[in-house]
Amino acid sequence: MKPPPFRYHDPRTVDEAIGLLSTLDNAKVLAGGQSLMPMLNMRYVLPDDVIDINKIAALCYIRETDGVIEFGAMTRQRDIEFSDVVKARFPIIHEAILNVGHRQTRNRGTIGGSLCHLDPSAELVTMAAAHDAVVTVAGPNGTREIPFAQFPVTFMTTAIEANELVTGVRFPRWPAGHGYGFVEFARRHGDFAIASAAALLETDSNGKITRASVTLGGVSVTPVRVRAVEQALIGQKGSEDFFREVCEECRKVAAIDDVHAPANYRQHLATVMSRRALVAALGRVGKA
Amino acid sequence: MSGKSIGARVLRTEDARLLTGRGEFVDDIRLPGMLHAAFVRASFAHARIHGVDASAALALPGVRAVLTWADLSRGLQTTRLPSLVPNPYSKFPRTQLALAKDEVCYVGEAVAIVVADSRHVAEDAAALVSVDYEPLPAMSDCRDAVAEGAAPAHADLPDNKAATFKTAYGDVAAAFAGAAHLIKEALWIHRGCGQALECRGVVTDVGRDGMLTVWSSTQTPHLEKRVLADLLQRKPDTIRVIAPDVGGGFGPKAIFYGEDAIVAAAALRLKRPIKWIEDRREHFLATTQERDQYWSLEIALDADAKLRGVRGTMLHDTGAYMPWGVVMPYIAATTVPGPYILPAYDLDVTVAYTNKVPTTPVRGAGRPQAVFVMERLLDSAARALNIDPAEIRRRNLIQPEQMPYKVGLTFRDGKPVIYDSGDYPAAFGKAIELSAYADFPQRQKRAREEGRYIGIGIGSYVEGTGLGPFEGVRVAVEDDGTISVQSGAAPQGQGHKTMLAQIVAEQLQVPMTQIHVTVGDTAAFPMGIGTFASRVTANAGPSALLAARTVRDKILETASRILDAKVEDLVLDDGKVDLRTGNRRAVSLGDLAKASQGFPGFSFAPGQTPGLEHTAYFTPPQAAYCNGTHIVEVEADPETGAVKILNYAVAHDSGTLINPLIVDGQIQGGVAHGIGNTLLEWMGYDTNAQPVTTTFADYLLPSACEIPFVDAVHIETPSPLNPLGVKGAGEGGTIPAAAAIVAAVENALDPFSVKLNESPITPDRIVAAIDKARRRKHP
């Protein structure tokens with residue numbers, strides 16, 4: 001279980017990294033290394049070149065401006081976990097990130113690495129889908145922005161080109177008093193979620209739901225925004241029974257069938273997780 | 001120092017070194033000029049090999065050799081790996097060659113070794129070795145394997161029935177004919193891997209004197225020496241095997257593996273030391289496991305719930321080879337009666353070859369399966385007869401006055417199953433008390449009112465431990481007065497050194513710090529069997545006692561000569577011998593050791609023997625049977641199938657305890673193993689017998705988060721079979737765990753009328769069982 005031979009590069013700037021990506025044929029970008037290193041050791045990936053971007057200091061930041069939070073691609077998960085801004089303004093991200101691997105892996109794992117690896121059960125990927133995040137990508141011709149809805153192409157495959165590098169991601173904020181809930185089911189704490197659900201809710205003064213975001217992680221090959229559920233919630237007053245009925249829709253999501261769980265179990269869990277996330281979200285409306 | 005150390009809860013002498021990272025494991029051994037090996041392994045579960053082309057691998061810089069079957073010595077080409085136990089039940093007892101010749105029978109079977117300057121290069125080269133395979137039909141499921149017309153798992157065998165045998169006693173026909181209640185169940189128990197944290201590994205070196213030294217992560221160094229001598233056709237005294245610190249065994253490291261012989265053969269050929277460290281993926285592919293058993297059983301009871309008989313069949317998946325013969329299914333078959341009075345029993349066993357990694361005992365060795373089926377039958381019977389699960393057990397337990405109790409079976413040691421001692425109702429009662437069983441109905445009622453589903457389950461077992469033939473121990477007083485102890489029993493973390501030192505310390509009245517124990521080196525002790533089957537304390541322990549007693553006699557004899565006093569007037573304490581009257585100078589053990597060796601040129605007196613040392617080989621007459629009861633309380637989430645263990649109570653009787661702290665650790669670890677087996681671990685193969693769970697992300701082990709603190713109480717019924725009264729304690733923590741946990745989950749989900757006759761119970765299977773029960777109720 002040793003990696004195959006590869007050339008190692010450690011650029012100091014984004015431009016340098018883009019230059020390497022543009023000239024090298026079979027290169028892999030090394031961010032926190034929590035997925036790539038085991039994949040190299042198990043020879044699941046066989047790159048000729050590895051471009052380590054850990055020395056690009058400019059990619060490490062958390063900035064909040066005008067209701068938007070922006071994370072540099074190399075921001076460690078542990079820094080997001082301990083960010084006061086995240087805890088205060090994006091409490092669902094704080095709740096979700098506690099489920100990302102373990103403390104030791106969060107010390108190294110990055111948000112950019114997680115988004116590019118695009119594991120369907122990754123909590124940060126689910127958060128990006130739930131928030132309609134926008135990914136910033138640098139390439140030889142400058143930067144471009146990809147709305148998260150267009151970022152995943154299919155299973156563990158993103159819309160970025162081979163010569164592009166994710167530099168950051170922006171999450172628009174939900175207003176103060178929104179309800180939020182993130183729940184996941186994993187076999188052991190820290191394991192890949194077999195199913196997770198993120199729910200964000202806003203209600204009017206009568207308690208009727210005016211805006212909803214419901215996202216499933218781990219169920220399908222990419223995270224799924226369950227639009228049918230979101231639409232069914234609008235204009236309604238939430239309750240556990242109502243959510244139970246509405247969340248039946250989640251059973252229709254095309255699900256992964258693998259050694260961890262059969263597809264019908266994932267679909268069943270999707271109905272349970274989405275309901276529990278919505279119940280949690282409703283209980284928190286108006287409280288933050 | 002004076003007084004008792006047997007039974008003392010003392011810290012392990014091994015721990016300071018191990019816990020501060022100063023242990024020396026095989027991978028810590030680095031020799032000058034050492035090369036590194038990697039193996040080319042079968043990628044098909046069953047295939048014919050038409051040729052191996054190593055030219056591209058050999059061309060890679062840094063590659064020193066690629067050896068296939070064709071390159072091996074005649075001994076290695078023709079001698080199959082040994083079958084370690086007699087196997088009268090098998091028509092075709094097949095073991096493998098160290099490297100495959102022309103057929104591979106499981107994914108991971110070794111085909112070639114690559115030796116290179118580094119492990120990195122060795123792996124690069126291994127990927128370049130091209131093997132010309134012709135895939136053959138592969139058997140994945142043992143039920144398919146024994147079906148009429150199934151393709152053979154070995155091309156030259158007529159079918160996949162590796163062995164068949166019957167285990168029976170009593171008049172089963174009469175027992176069933178007169179029964180008031182008959183209950184029939186089909187049960188499936190899967191067991192996975194041992195998964196020691198340290199995988200296998202070997203370093204071999206050939207000295208200038210021609211001595212072949214082998215460091216191996218093994219449970220059986222003396223066995224390894226013997227097999228290496230046979231396979232390499234070398235004189236045994238030119239081989240030294242050392243088991244250094246070993247990071248866990250759990251059974252799979254008790255057999256001899258072909259890789260060790262091939263690495264040694266390569267070292268002999270290249271005249272360079274070679275290291276091979278098994279990586280985790282190889283461990284999943286090529287280290288033995290346990291596997292599926294399918295049972296179909298029927299139980300007959302009286303109107304008052306007294307057992308009359310059990311009959312049925314069992315199908316055991318042995319994998320591609322049978323290095324331990326039929327030991328696991330045999331032990332399983334003979335463990336079924338357990339602590340209960342079962343007048344009649346009849347089981348037909350079929351052992352199936354499949355194209356999966358071979359099986360050998362993993363902690364429990366067939367017993368968890370047997371206890372699972374028996375306890376599940378009792379739970380079904382309790383439900384059918386509408387009596388409490390504890391009550392049906394109470395009515396059937398063997399009573400202490402019935403000891404020694406002859407079950408009517410023959411155990412795997414060839415001796416009749418005779419439970420030597422034990423108070424089963426006492427252990428059962430302690431567990432009932434410890435688990436607050438009597439109050440559980442109130443707890444369950446309260447929880448249900450809160451919408452929570454909690455349940456309780458019981459598992460009891462009897463385990464044959466301390467199997468012979470022997471483990472020897474040498475005790476000697478060194479010239480400086482310290483005590484050296486050697487034994488052939490090599491540990492993998494169990495604390496043998498502490499255990500032996502405690503026994504010797506008490507006999508010689510020296511502090512444990514003055515005792516130096518050497519284990520795991522064939523050069524330090526001539527014979528040994530190995531550490532498995534919960535056998536070391538019951539074999540080596542009495543040997544240490546007997547050796548130390550003899551040394552004590554020699555000490556006093558020598559002192560009596562020197563002090564010119566009668567032995568009965570002498571006191572041995574704190575490293576010296578004194579006269580009871582105290583009117584002469586005491587003599588230290590060191591001076592006595594020197595004196596016992598006489599003076600150059602002066603003959604000994606008649607009858608005097610040199611030195612203060614003795615070697616004893618205790619040989620137990622039969623297995624010593626330990627017993628216990630586990631009671632588990634769980635909470636189940638019927639929506640997700642998640643199971644949380646709320647309370648785990650164990651009452652355990654392994655005879656006299658040498659060190660309760662170590663036994664507590666064995667129970668805690670054994671239960672962890674059992675929880676993993678029941679709720680997490682599943683070794684998956686697809687229909688082509690390709691393994692699908694070969695990383696720790698797919699094969700889930702319990703971690704500290706999933707394991708509760710086990711509440712254990714010891715009962716000490718001394719065994720009459722050895723002078724210490726000890727029985728084995730290494731496996732009892734695992735054996736009844738699946739039975740108790742599955743019962744508890746079934747009990748928690750009682751409102752859904754769920755029936756659970758399998759293990760592991762993963763969340764998806766629990767949800768499916770609820771769904772199935774619901775459909776049955778409301779079609």
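Here is how names work: the chains are called A, B, and so on, in the same order as the sequence lines, proteins then strands, and each is numbered from 1.
- Looking at Leu679(B), the atoms closer than 4.5 Å to chain A (heavy atoms on both sides) all sit in the backbone: N, CA, C or O.
- Using a 4.5 Å cut-off between heavy atoms, Arg765(B) does not touch chain A at all.
- Considering all non-hydrogen atoms of both residues, Arg281(B) and Met1(A) come closest at N-CE, 3.3 Å.
- Shown here is Tyr8(A), whose OH atom has more than 12 heavy atoms of other residues, nucleotides or ligands within 6.0 Å.
- A salt bridge is defined here as a Lys NZ or Arg NE, NH1 or NH2 lying under 4.0 Å from an Asp or Glu carboxylate O, and Asp124(B) with Arg43(A) meets this definition.
- Using a 4.5 Å cut-off between heavy atoms, Phe696(B) touches chain A through its backbone atoms (N, CA, C, O) alone.
- Of the listed residues (Gly190(A), Ala261(A), Pro3(A)), the greatest number of heavy-atom pairs within a distance under 4.5 Å of chain B belongs to Pro3(A).
- With respect to the salt-bridge test (charged N to carboxylate O, under 4.0 angstrom), the residues Arg275(A) and Glu639(B) qualify.
- Looking at Val692(B), the atoms closer than 4.5 Å to chain A (heavy atoms on both sides) sit in the backbone and in the side chain alike.
- Contact detail for Trp682(B) and Val259(A): the closest heavy-atom pair is CZ3-O, 4.2 Å.
- At least one side-chain heavy atom of Thr640(B) sits under 4.5 Å from a side-chain heavy atom of Met273(A).
- Only the side chain of Thr695(B) comes within less than 4.5 Å of a heavy atom of chain A; its backbone N, CA, C and O stay farther away.
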For Lys2(A) and Val121(B): C-alpha separation, side-chain torsions, deciding distance, then whether side-chain contact (heavy atoms from CB on, under 4.5 Å) applies.
CA-CA 9 Å; Lys2(A) 305 290 181 200; Val121(B) 174; over 6 Å; no
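- Atom CG in Asp279(B) sits 10.0 Å away from atom CE in Met42(A) (nearest 0.5 Å).
- The environment of Phe192(A) atom CZ is sparse: at most 12 non-hydrogen atoms of other residues, nucleotides or ligands sit within 6.0 angstrom.
- Closest heavy-atom contact between Asp637(B) and Arg276(A): OD2-NH2, 2.9 Å.
- Salt bridge status for Glu681(B) with Arg188(A): absent, with no side-chain N to carboxylate O gap under 4.0 Å.
- For the set Cys705(B), Ala642(B), Ala38(B), the count of heavy-atom pairs under 4.5 angstrom toward chain A peaks at Ala642(B).
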